[in-house]
J.: 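Supplied in C-alpha cells, the structure appears directly below.
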Amino acid sequence: MKIDVLTLFPQMFSALNESIIGKAQEKGLLSINLVNIRDFSLDKNKRCDDYSYGGGAGMLMSTQPLFDAIHSVKGENSHVIYLSPKGKLLTQDKVIELSKMGKDLVLVCGHYEGIDERIIELCIDEEISVGDYVLTGGELPAMTLIDAVSRYIPGVLGNSETTSVETFSNMLLEYPQYTRPAVFSGLSVPEVLLSGNHAEVDNWRLEKSLELTQKRRPDLYEKYVKNSENT
Ligand code: 58G
C-alpha cells in the first residue's frame with residue numbers, strides 16, 4: 001500500500017520507522033512518501049501561513065503551497081483525506097474500508113487554525129477525525145490512521161497477532177490477558193486459563209468481554225445485543 005503524507009513537519013513521522021510499521025516498510029508492504037508542503041512555497045521566505053478573511057481566529061495554512069503539494073502526488077487512483085476535528089470519526093469499520101479500497105491514500109496534515117475551505121472543495125475526498133479533541137496539527141491523527149490501516153495489510157502482522165478476534169472486530173472490548181508468571185505480586189492468573197480446556201477458556205473470555213463492555217462502553221454493548229438478536 002502506498003501512502004503520501006503532506007505535512008510541514010515530515011520529521012515527526014520518524015515514529016513510523018519503529019516496530020511493526022517500520023518492519024512493514026522494510027518488507028515493502030507499506031510505502032510512505034513524506035512530502036514537505038514548505039518545499040512548494042513560492043513565497044520568498046517560504047512562508048506557509050496566512051491571515052484569515054473576516055479576521056480573528058489566528059492563521060491558516062497558505063493556499064498555494066498546499067494546492068501545489070497535493071497536485072504533485074494526486075493521481076487517478078488517489079483517495080485524499082484531510083485529518084480534521086470536523087471529519088467523520090475514524091472507526092475500526094472505516095479502517096478496514098480504507099485498507100480494502102485498493103487506492104493510494106494521500107493524507108493532508110493541517111496546522112495553525114486549518115486550511116482554506118476551497119482546498120477541501122477542490123482536492124479533498126473525505127475529512128476524517130480520530131476523536132473529539134483538537135490538536136495543533138494533523139500529523140498525530142495521520143500516524144494513527146496509518147498505523148490502524150497498516151494492521152490490515154496482509155503480512156504486516158504475524159499469525160499470532162491476527163486481527164480477527166480482538167477488540168472491535170466483534171464489537172466487544174477485549175477480555176483481560178495474562179502472561180508469566182502464574183502468580184505475580186500475590187495475584188494469580190485465573191484458574192480457567194491454566195486448565196487447558198479451550199471451550200471453557202472461550203466461555204470465560206466472552207463472559208469477561210461482555211461484563212467489561214457493558215460496564216465501560218454501554219453504547220457498544222447495546223449495539224452488540226441488538227446485533228445478536230438479529231443473527
Ligand atoms: C480546528 C483547529 C479545526 C485532526 C485546527 C482544524 C486535526 C484534531 C484532529 C484544525 C487537528 C482530529 C489544524 C490543526 C487540523 C486543523 C489540525 N486536530 N481530532 N488539528 O482528528
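Ligands are counted one by one from 1 in listed order, and the atoms in each one are counted from 1 as well.
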J.: Can you pull out the closest protein heavy atom to atom 21 (O) of ligand 1? Residue, atom name and distance to 0.1 Å, please.
T.: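 For atom 21 (O) of ligand 1, the nearest protein heavy atom is V130 N, 2.8 Å.
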J.: Among protein heavy atoms, which lies nearest atom 5 (C) of ligand 1, and at what distance?
T.: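 Checking every protein heavy atom, the shortest distance to atom 5 (C) of ligand 1 gives Y112 O, 3.9 Å.
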J.: Which residue supplies the protein heavy atom nearest to atom 2 (C) of ligand 1, what is that atom called, and how far is it?
T.: V134 CG1, 3.7 Å
J.: Could you tell me which atoms of ligand 1, counted from 1 in the order shown, lie closer than 4.0 angstrom to a heavy atom of S129?
T.: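 By the 4.0 Å cutoff, the relevant atoms are 12 (C), 19 (N), 21 (O).
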J.: I need the contact type for K86 against ligand 1. Using non-hydrogen atoms and a strict under-4.0 Å cut-off, is it side chain, backbone, both or neither?
T.: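 Near ligand 1, K86 shows nothing, with every heavy atom at 4.0 Å or more.
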J.: Does Y112 reach the side chain of S62, with side-chain heavy atoms less than 4.5 Å apart?
T.: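 No, side chains not in contact.
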J.: State the atoms of ligand 1, each with its element, that fall below the 4.0 Å cut-off from a heavy-atom position in G114.
T.: 13 (C), 16 (C)
J.: Within a reach of under 6.0 Å around OH of Y178, are more than 12 heavy atoms found that belong to other residues, nucleotides or ligands?
T.: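 Yes, the 6.0 Å shell around OH holds more than 12 heavy atoms from other groups.
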J.: S195 versus W204: any side-chain heavy-atom pair under 4.5 Å?
T.: no
J.: Kindly compute the distance separating CG (L83) from CD1 (I124), expressed to the nearest 0.5 Å.
T.: 9.5 Å
J.: Any idea which protein heavy atom is nearest atom 7 (C) of ligand 1, and the distance to it?
T.: L83 O, 3.5 Å
J.: Using heavy atoms and a threshold below 4.0 Å, how should the contact between S84 and ligand 1 be classified: side chain, backbone, both, or neither?
T.: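 Backbone only.
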J.: Please determine whether any non-hydrogen atom of L140 lies less than 4.0 Å from an atom of ligand 1.
T.: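 L140 does not count as a contact of ligand 1 under the 4.0 Å cut-off.
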J.: Just going by heavy-atom distances, which of A57, P85, G58 is nearest to atom 3 (C) of ligand 1?
T.: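 The option holding the nearest heavy atom is P85.
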J.: Roughly how far, to the nearest 0.5 Å, is CD1 of I119 from CG of L66?
T.: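 Here the rounded value is 5.0 Å.
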J.: In this structure, are over 12 heavy atoms from other groups packed under 6.0 Å from K46 atom NZ?
T.: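 Yes - once you tally the heavy atoms of other residues, nucleotides and ligands closer than 6.0 Å, there are more than 12.
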J.: Indicate the atoms forming the closest heavy-atom contact of R38 with C48, along with that distance.
T.: CA-SG, 3.6 Å
J.: Closer than 4.0 Å to some heavy atom of Y133 - which atoms of ligand 1 meet that?
T.: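 Within the 4.0 Å cut-off of Y133, ligand 1 contributes 8 (C), 19 (N).
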J.: At less than 4.0 angstrom from any non-hydrogen atom of G131, what atoms of ligand 1 do you find?
T.: 19 (N)
J.: Checking contacts here: is it the side chain or the backbone of T136 that comes within 4.0 Å of ligand 1, counting heavy atoms only? Could be both or neither.
T.: backbone
J.: Can you name the atoms of ligand 1, numbered from 1 with element, that are less than 4.0 Å from a heavy atom of P141?
T.: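 Taking each heavy atom of P141 in turn, ligand 1 has 4 (C), 9 (C), 21 (O) under 4.0 Å.
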J.: Given side chains that start at C-beta, do those of M101 and H79 come closer than 4.5 Å, heavy atoms only?
T.: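 Side-chain contact under 4.5 Å: yes.
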J.: Under 3.5 Å between any N/O of L135 and any N/O of ligand 1: does that happen in this structure?
T.: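 Yes, at least one N or O pair falls under 3.5 Å.
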J.: Check each atom of ligand 1 against the heavy atoms of Y82 and keep those under 4.0 Å away; list them by number with element.
T.: 15 (C), 16 (C)
J.: So do S99 and R151 actually touch side chain to side chain, heavy atoms under 4.5 Å?
T.: no
J.: Counting C-beta onward and ignoring hydrogens, is there a side-chain heavy-atom pair between V201 and L193 closer than 4.5 Å?
T.: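 Of all side-chain heavy-atom pairs linking L193 with V201, at least one is under 4.5 Å.
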